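Values in this document were obtained by computation on a predicted structure and should not be read as measured data. All chains are named by letter (A, B, ...) in the order of the sequence lines, taking the proteins before the strands, and each is independently numbered beginning at 1.
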Amino acid sequence: MKLNARAVLLPPLLAIIAALLLCSIALMISGGNPLEAFGAMIAQVGRGTTAVDIVNTGSTYYLAALAVAIGFQMKLFNIGVEGQYKLAAIVAMIAGGAVALPPVLHTLFILVVAALVGAMWAAIPAILKITRGVNEVISTIMLNWIATGIAAYLIQQSVFGELRGNNLGTPVVAESGWVPGISLGGAGTIFGLVVLAVLAGVGYWVLMNRTRFGFELRASGESATAATAGGVNAKKMVLVAMLLSGATAGLVAMPELLGRDYTYTLNFPAAYGFTGIAVALLGRNHPVGIAFGALLWAFLDKSSVALENVGVPKEIVTIMQGSIVLSVVVAYEVVRRITLAAEQRKVGQQLGTTDEVAA
Amino acid sequence: MSAVVDTPQSPDSAAFLAGPGPKRKLPGWSVGLLLVAAAIGALSTASYLTGVPQLTSSGTFQTAVQLAMPILLAGLGGLWAERAGVVNIGLEGMMIMGTWGGAWAGYQWGPWAGLVAAAVFGALGGLLHAIATVTFGVNHIVSGVAINLLGAGVTKYLSTLLFQPVSHNPRESPPVPKFDTFSMQPLGDWLAELENEQRVGISDVAGILKGLVTGVSPLTMLAILLVPITYLVLWRSRFGLRLRSCGENPVAAESLGVNVYLHKYAAVIVSGALAGLGGAALLLNPGQSGYLENQTNGRGYIGLAAMIFGNWRPTGLLGGAALFGYADGLQLRSGGGAVLALLYAAVLALGVVVIWQLWRRRWVATAVTVSGALILYWVYWSFNELPSQITTYLPHLVTLVVLAVSAQRLRPPAANGVEYRRG
Amino acid sequence: MSSSLDAAQHSRPAVRLTGITKRFPGVIANSDVHLTVAHGEVHALCGENGAGKSTLMKILYGMQQPDEGMIEVNGEQVHFRSPSDAIKAGIGMVHQHFMLADNLTVLENVVLGAEALHGIGSKARKRIAELAKQTGLHVSPDLPVEHLGVADRQRVEILKVLYRGARIVILDEPTAVLVPQEVEELFLTLRGMREQGYTFLFISHKLDEVRAIADSLTVIRRGSTVGTADPRTVTSRQLGELMVGSELPSPETRESTVTDRAVLTLSEVRLCAAGGQRPLLDHITLTVHAGEVLGIAGVEGNGQTELVEAVMGIRKIDSGSVTLGGEDITKTPTLARREAGIGYVPEDRHRQGLLLTQTLWANRILGYQTRRPVVRGRWLDIEGARADTRRIVEQFDVRTPGIEVPAAALSGGNQQKLVVGRELSGDPVLLIASHPTRGVDVGAQAVIWEQIRTARANGLAVLLVSADLDELIGLSDSIKVMSRGRLVADADPNVVTPEDLGAAMTGDCEYEAGAIDEGTEQ
Amino acid sequence: KDSGTTPGGNAAGAECQKATPPTVQAGSTSSSTTGTKPDAKALKVGLTYDIGGRGDASFNDAAAAGIDRAIAELGVQKSNVKEASAAAGDTEDVKASRLRQLASEGFNPVVAVGFAYADALKVVAAQFPNTRFAIVDAGVDGAKNVTPLVFAEEQGSFLAGVIAAYKSKKCSVGFVGGVNVPLIQKFEAGFYAGAKAAAPNIKIEKKYLTPAGDVSGFNDPTKGKVASDGLIDGGADVLYHAAGASGKGVFNAAKARGALAIGVDSDQYKQTTVAESKDIIISSVLKRVDVAVYDYIAAAAKNDLSTLPKSFDLSVDGVGYATSGGKVDDIKSTVDAYKAAIVSGQIKVSDKPSS
Ligand SMILES: Nc1ncnc2c1ncn2[C@@H]1O[C@H](COP(=O)(O)OP(=O)(O)OP(=O)(O)O)[C@@H](O)[C@H]1O
Ligand SMILES: Nc1ncnc2c1ncn2[C@@H]1O[C@H](COP(=O)(O)OP(=O)(O)OP(=O)(O)O)[C@@H](O)[C@H]1O
Ligand SMILES: [Mg+2]
Ligand SMILES: [Mg+2]
């Protein structure tokens, strides 16, 4: 209903405070000093490349979370972002390493391949769901593992991989495929494709809120039966939503691959997909909310170095992430209930029911 | 009478349905037994024809049991929660809590204490999930994701605090005493003899049975017992009826005086306890090691998948877990050759399906099945060994294929995942 | 329970509510309500949609807590914290909307929460069998409820109440989904039980029903009690005026506007259950002309749902053809059919008509997402949608605090008005209306009927499915009776009576006598 | 109830026909640390571990032992040493931050433990050209200030192969790799070559728990046990593992089925977390990360990195085998003969598996 600043901003604030309290307790049990720890976390942002790293990693999380959110909008639970981005990353880097193209074209080619592969991998659970009714949760869980297997197969030296030291990687993409970053000198370099994440966010918002497609998607998510009666082809929506989600997932790894690594190696980190789920939920599927969620998550991730520096076990970061997710949603609920009660009281007074209401 | 309606497609169309209900079908358990028999038949035939005894060896089945237990227990956990209408994607986190608690108590007071502690620690995770989802109406998936994070974080943290001083390793517990195993003797020996005689069919069945009756730990027995217990409690008791009603239509349940919150709490806490036991099944059986960071390795998710696979029913879940355990055990123990033999078994099984489909005059389905079988046979014929990268994920592939092939009549609890507020 | 009632208690009212007030965000559902129900009577509660009847009953049943006020049962003040408290006090409730778990069996639904009485095994089964006879339920207790038709579901609901030994029974619109014969059977049961000393609170929008069954009557308007009446002497008109403060409408069609221009033609349509060979629709041939209202009568579950969904393209038919204005639309998807000018008022507004958590204007877009004024090309035209929603709210008298509220915040009747308003937007050539006034109060009914009549006069063709036979007879230009997926008889609305129609629907006519099973419909 | 162990395997085999051991006279191995000890009082040493950190009773602990020894023997001030460690799922920039943090605080040299740091180091080393870096298990192309500390795992594993061949009663041995990556393949290659060299007819089976990219293979004792059971059922009675923590499962399987096992990285016979399997751990292949770290710090103190070996191999005791428990005392001379042959170059050990 009405966009109420209090209802939007209060919950996350409460949640962060609650999470801080929880972690303080944990810290004090182990004999740490919470103030020092939190101080170190804040202070790190200004140091070295941390701020830039937060933005860079945040952009990756953002894309992953958008991919998840697209599915969520129609109650499709795409756990498979994990497998989709991994497979897309390796195939795109193999393809990108194998072709010679002029600069911008080369990059575009890689991005398109990545999106296509992500979409194709997401199409499997979509098609299984449409034609065979296979629950997408189970199929995407299975496909994540299978994607790992395929990636492992592709990266073998005898297939597409190259051995560099003790590490295997795809051939390095020629410079024409790279995306130049925005260098901030000693503060690091922001990946050029952070722009892609921003564009994806804007696109997501426009798509969901301003287009017929977004309307149909949300309608199917809210009530499949009502959507069908309204002429929405539910099966098509499942397919399209999954394809879009998969395509977005396919781009997840691109900012860092085209902005820094230029090759997919065994060191490529896993679990962006799962982080994406948490961030999407944290941001309540709203593009701006997700952006905050992604940056917060990245910030917490980076804190491990700073925390270690002051002798605090970095596991506290994971605890903090878990408690923030939980406290945010609990806080939203609590604020919602308070607002509701307040509204009820107000109505009581307005409509002039005799006595004042006992709160 | 049958001139009118037999199996009503939509609820309304049954308005004038009277007398006999929908056409009598075989009871579920007998269908299950038939399927199991068919699978064993296909496996032993394939084992004979391809000369790969591992398909039906007792070792493979013993391994299958071992690998299936954590998944089964986690799945049972999922079943309890979802039957009460609470989606539990936090099984993984609860399982991790269970491994930690089990190791912590087991190390100090022995395996039984470990078992209890694993359940208690898992239940704590469940309690948190219940508080979040039931009391605060938090989206079940959000809460589950948070619990997975918390489970991982808290156990790491606690390990650094409590295990490191003893094990000198923040990621591991000190060795944990294990359960003893039991075997049904002399049945086990007799079966072993039979298996070693390498007689077609008989030896296969003997191998399978031997794998199931030897080297069984109390934890395994408990896990298997929990399947019928779950069935009896959820489907044959008053508590179970109330619990399931909360997953089907909580408003109706509440309107009949069922305390929905209470039952949901109970279900989710039991769910956590079961997931915790699943964690214990990773450390208290003989030959297993103590607590190890990340040792659950996604088994909670697989448990969830097995539960969906099993159509939210204990026996189906058992089937899903067994299938997964079997395929995983086979590929881990025997590698690519055995996997190819399994393909051969699948071709045989599809052959039976084709005959059945022809008999039912389902031409299109027959064509699809035949082409599937042909593809599998082609793979079997043209590869000497499948890439190990792929065979490692055989269990996942098998699960996916079985799901896609078997007709989907999944029936989740109607109010599963739906937030419920009183009043 | 009954044994504990002594004579002294009988002299006190069975239920007395004093000063009940209940607020919801944005609305006061009950405001200082007073209600007294004597022992052994059928006490009717009347009031327009959203008057607060259901809320009051939910408070009496412990499902909701009053903000203020006092509840007395059998002369003793009680505080119900949950339905189980109310059940203990001997109160049972049949809800306006079914409160059944589809996936559970009849037995399970009945014994749920009352397992302490006879367990969940054979004793319970025996007890249910006894009670089932009383309510006329003839299905196996082991059948999942999802396989039951609405009438049987209603019986199961009553069975639930009886099983618990309730002496005070709340029936919230129990007849909304029943045909006259079924209503008559229900009333027979109620009267019998009244003789045995049961007390009933009865809610219905059908005033002649109220007069037929009730011993006394209380009217609620806008959350407050406005008075009581003697149902034996009060006329429907007076009652209606009490309720809404205006005159009662009737669904009478004035003059025929039927043209000879065929709008919808179905020929030999056949549709089978998924995976089965048995037809849900068979040999369906009909034509609806411009300016004509074609009514379909039938006991629920005889294929009306399928017929409507087949015309809408929600279900694929197996053979036959559907033409709209001369164009074959047999294979056309739902959206294209809507674009070709079909409006659709579905039978279940919550399931098929509305996006409950979305705003009214978002609901205006549903089904029209390819047409002006709510979209421009592939883009939503939110201002256009808002403006047109305001028009509907005004034109159809939708009582709402605004168009930015979620559809769920509207009372059922107002939701229905919104849906009808939307489906009459954009100049449809054909309106498929399934139970367009189900659960809608008399005032709203009048609005909806009037709008349908106006559109008809402008050449709209209407395919009307309704269980309300007065409505069907009053609105239709011709009526077809549907049974077991076939059109079995025609009726002339100018001469047919609801009783005749009811008889035809339940298969007492000559058609295929052999195929109709005696035991089928009781 | 089951009691005791059941005899392993069902394939009845016999002891292998052994090849004649090479006859190079075992010359004394040389360690680069011989000579005068430099004074490292002023040295500020930064060290960042791989996942697990200090206390993992393995790889990281070995590095820690190296730094501890440097403190004890070279006079490095404890207050001048700073340690950090990686967490699972660290992104590249977090790894880089960790290194950068150490370098910017003036630590020099900075040692990165584990090849996971290779890419991050490439970035950071360029930013701190005056800081000396070392990285265990990897090299960084084109960075002059990065010293690779790499090991000849295949040489140590070769000796494990010899030991296994001699200890096998059925002429059948097995290898369990945690994750199928090039580094672990080096262990497999050496083991295979060693076993074949000692007993040309020997049957060698291998099993990797997970493929590259799925690191859970290093962390899943249950899988380790199942895979080992499979190998034992296939006749193997000596198992060698390079499977990290999954190795526990290998030991458990070996113990339960009466087979023998060879540990990896550190002397696992002495490791508390696998103490219950002690009696079947006949040896361990040592990867002396401690030696490498210590040598590197010493060289850095001397300001002369050129004395460091290109690869820490048998000749510098960078790799070796453990004899704790005395289970290989009877064949020690044979094993040492093979070792000498490798050191002398008479036997060349490939670091790539043949198949
Ligand atoms: N849970 C609720 N939350 C918010 N508002 C509610 C709730 N329940 C009822 N209302 C509102 O209270 C008012 C009274 O509703 P109630 O259901 O009691 O009406 P009713 O008399 O039963 O109407 P009908 O004839 O449509 O059944 C309506 O405006 C309705 O929207
Ligand atoms: N949580 C809620 N928030 C807002 N409105 C609600 C809520 N719950 C129920 N309502 C509205 O309150 C009304 C009362 O609910 P109830 O279940 O009694 O339906 P009803 O109005 O009696 O139904 P109908 O009139 O359609 O037969 C409904 O119109 C419903 O839309
Ligand atoms: Mg209402
Ligand atoms: Mg009502």
Test log, rule side-chain contact (heavy atoms from CB on, under 4.5 Å), inputs F80(C) and I91(C): CA-CA 11 Å; F80(C) 295 150; I91(C) 299 177; 3.7 Å; yes
side-chain contact (heavy atoms from CB on, under 4.5 Å) between N416(B) and V87(B), worked out: CA-CA 6 Å; N416(B) 196 15; V87(B) 172; 3.5 Å; yes
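D172(C) and S54(C) form a side-chain donor-acceptor contact under 3.5 Å, judged by distance and modelled atom types alone.
For I317(C), the side-chain contact (heavy atoms from CB on, under 4.5 Å) partners two or more places apart in sequence, or in a different chain, are V269(C), L271(C), A310(C), V322(C), T330(C).
Between H140(B) and H129(B), the ring planes are perpendicular. Angles over 60° get that label, and only those under 30° would be called parallel.
A salt bridge does not link D318(C) to R270(C): none of the charged nitrogens lies less than 4.0 Å from a carboxylate oxygen.
Checking side-chain atoms of E157(C) against main-chain N and O of M99(C) turns up a donor-acceptor pair under 3.5 Å. The backbone N or O of I59(C) sits nowhere less than 3.5 Å from a side-chain atom of Q64(C) that would complete a donor-acceptor pair. A donor-acceptor pair under 3.5 Å links the side-chain atoms of Q304(C) to the main chain of G298(C), judged by distance alone.
Only the backbone of A114(C) comes within less than 4.5 Å of a heavy atom in chain B; its side chain stays farther off. Both the backbone and the side chain of V251(B) come within less than 4.5 Å of a heavy atom of chain C. Proximity to chain C involves both the backbone and the side chain of A253(B), based on heavy atoms less than 4.5 angstrom apart. Within the 4.5 angstrom heavy-atom criterion, only backbone atoms of N109(C) (N, CA, C, O) approach chain B. Only the side chain of L104(C) comes within contact range of chain B, with heavy atoms under 4.5 Å apart.
The interface of residues 228-236 of chain B with chain C, defined by heavy-atom distances below 4.5 Å, comprises R236(B).
Highest contact tally toward chain C, considering only A415(B), A252(B), S255(B), is held by S255(B) [criterion: heavy-atom pairs under 4.5 Å].
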